[in-house]
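None of these values were measured; they are calculated from a predicted model.
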Amino acid sequence: MLREPSSKSFSVDSGLSTNVSWELGIPEDFKNLLSVTIIARNDNFSDGELNILPVLTNRKLVTESLPLHVKAKEKKNFKFSSLLNSNGSKTLDHHQLTLEFTSNPAWYAVQALPYMMEYPHECTEQLINRIFANTLAKHIVDKKPKIKSVFEAWKGNNSEALLSNLSKNEALKEALIEETPWVQDALSEEEQKRNIALLFDFNKMANEKAKALEKLKNRMLSNGGFPWFAGRDNPFITQYVIENLGHLDKLGALDLKTEPVLTELLTAAIRYSDLRLKERYEDLQRRARNHGLDM
């Protein structure tokens, strides 16, 4: 067992290699590190290697969440049904209960913006997503100037604010975070903060938006439709462009009066979509009549 030192012998001829394997019985409550030492020796010499390995559970961590929306001076009662009904499981073990609070839920949307900005392809979908992300980012900073100071603090590589919450957790350091899969979560969180700080640079936002808008303008076909890449117009992706511009307008992040290029694109795209919907409806009518149906 793991709590007691154990060994396994092996032999290998000179100039050759061999595979050595063994099975370990790991207690369910084992949470320490595993020390593995491999030593090869003959009558005159010996050499060895020592590795410290984390023992990871073969169970799956499942997170159940419940959004709690509460306005200022408001009282609400919430019922976490998943937690209350969990006693029926024979294999479930509770791990931890966490409450996260934010005074500005828009922050979660901010965290997703760099992902939208860093799409690797040049399809129409990703072009409009870049325009959406840059436009929304500028709108957020314009409405919440104080948030800019947070991003400025994240730009320095040595900033304490840049460290992920996982890296700051002293309890987790005992599990050798560098040797476990969770180190990637920590690195991703730090990289996410750095990317957010870079995203909310006004000059970068303006340049990225201008480049994406120029590409989108050149992508539009003469009939007002957009293709996925270069090629035939596609009603779905054209509606996707209209939808995203509509979201920005609804959020107040886009003033079409000051965006003549977007206004021109939107007008042509809506005209194209209306025509395609009309053609689709007329086609359905013809099909219905051919089958003796009324529409």
Side-chain angles (χ1 to χ4, degrees), residues 1-65 86 89-98 100 111-123 125-126 129 154-199 229:
M1 299 299 289
L2 292 179
R3 300 188 188 280
E4 300 292 336
S6 59
S7 63
K8 180 175 182 177
S9 300
F10 67 94
S11 62
V12 58
D13 293 332
S14 176
L16 300 177
S17 62
T18 186
N19 293 323
V20 180
S21 62
W22 60 91
E23 294 184 358
L24 298 174
I26 302 177
E28 185 175 350
D29 60 345
F30 185 84
K31 297 181 180 179
N32 295 321
L33 300 175
L34 181 63
S35 174
V36 179
T37 304
I38 300 177
I39 299 176
R41 64 165 60 94
N42 58 19
D43 294 338
N44 300 314
F45 302 99
S46 67
D47 194 8
E49 179 178 307
L50 170 65
N51 283 302
I52 304 297
L53 305 176
V55 177
L56 305 179
T57 179
N58 62 352
R59 310 188 72 187
K60 185 175 181 61
L61 180 64
V62 177
T63 301
E64 294 279 356
S65 61
S86 61
S89 173
K90 297 181 179 179
T91 58
L92 184 147
D93 287 327
H94 296 297
H95 175 57
Q96 65 182 12
L97 183 63
T98 303
E100 293 185 4
Q111 291 177 296
L113 292 179
Y115 172 79
M116 299 174 65
M117 284 296 303
E118 295 171 357
Y119 282 136
H121 305 298
E122 292 292 317
C123 64
E125 174 195 8
Q126 296 182 11
N129 284 344
W154 288 356
K155 285 185 179 180
N157 291 334
N158 298 322
S159 171
E160 177 70 16
L162 195 62
L163 294 178
S164 73
N165 294 330
L166 187 59
S167 297
K168 296 176 184 177
N169 191 324
E170 292 295 333
L172 289 175
K173 289 183 180 179
E174 297 179 3
L176 284 182
I177 190 172
E178 292 83 0
E179 300 293 337
T180 70
W182 296 295
V183 70
Q184 294 302 323
D185 294 337
L187 294 176
S188 297
E189 190 176 342
E190 292 165 16
E191 186 65 22
Q192 183 184 56
K193 289 183 177 180
R194 187 177 289 109
N195 289 344
I196 292 174
L198 293 175
L199 169 64
F229 288 90

Please enumerate all residues that pass side chain to side chain contact (heavy atoms under 4.5 Å, CB included) together with Ser65, with sequence neighbours excluded. none
Qualifying residues under side chain to side chain contact (heavy atoms under 4.5 Å, CB included), relative to Asp43, sequence neighbours excluded: none
Side chain to side chain contact (heavy atoms under 4.5 Å, CB included) filter on Asn44, not counting sequence neighbours, yields Asn42
All side-chain hydrogen bond (donor to acceptor under 3.5 Å, both in side chains) counterparts of Gln96, not counting sequence neighbours: none
For residues 48-55, which side-chain N or O atoms pair as donor and acceptor with protein atoms under 3.5 Å away, sequence neighbours left out?
unit_1	atom_1	unit_2	atom_2	d
Glu49	OE2	Asn51	ND2	2.9

Nearest-0.5 Å distance, OG1 of residue Thr18 to CG of residue Asp13: 9.0 Å
How many angstroms lie between CZ in Phe229 and CD in Glu125, if you round to the nearest 0.5 Å? 9.0 Å
Go through the structure and list residues passing side chain to side chain contact (heavy atoms under 4.5 Å, CB included) with Ser21, not counting sequence neighbours. none
How many angstroms lie between CG in Leu16 and OG in Ser11, if you round to the nearest 0.5 Å? 11.0 Å
Quick check: closest heavy atoms across Ile39 and Ser46, and the distance to 0.1 Å? CG2-CB, 4.5 Å
So, using side-chain hydrogen bond (donor to acceptor under 3.5 Å, both in side chains) as the criterion, who are the partners of Ser35 when residues are at least two apart? none
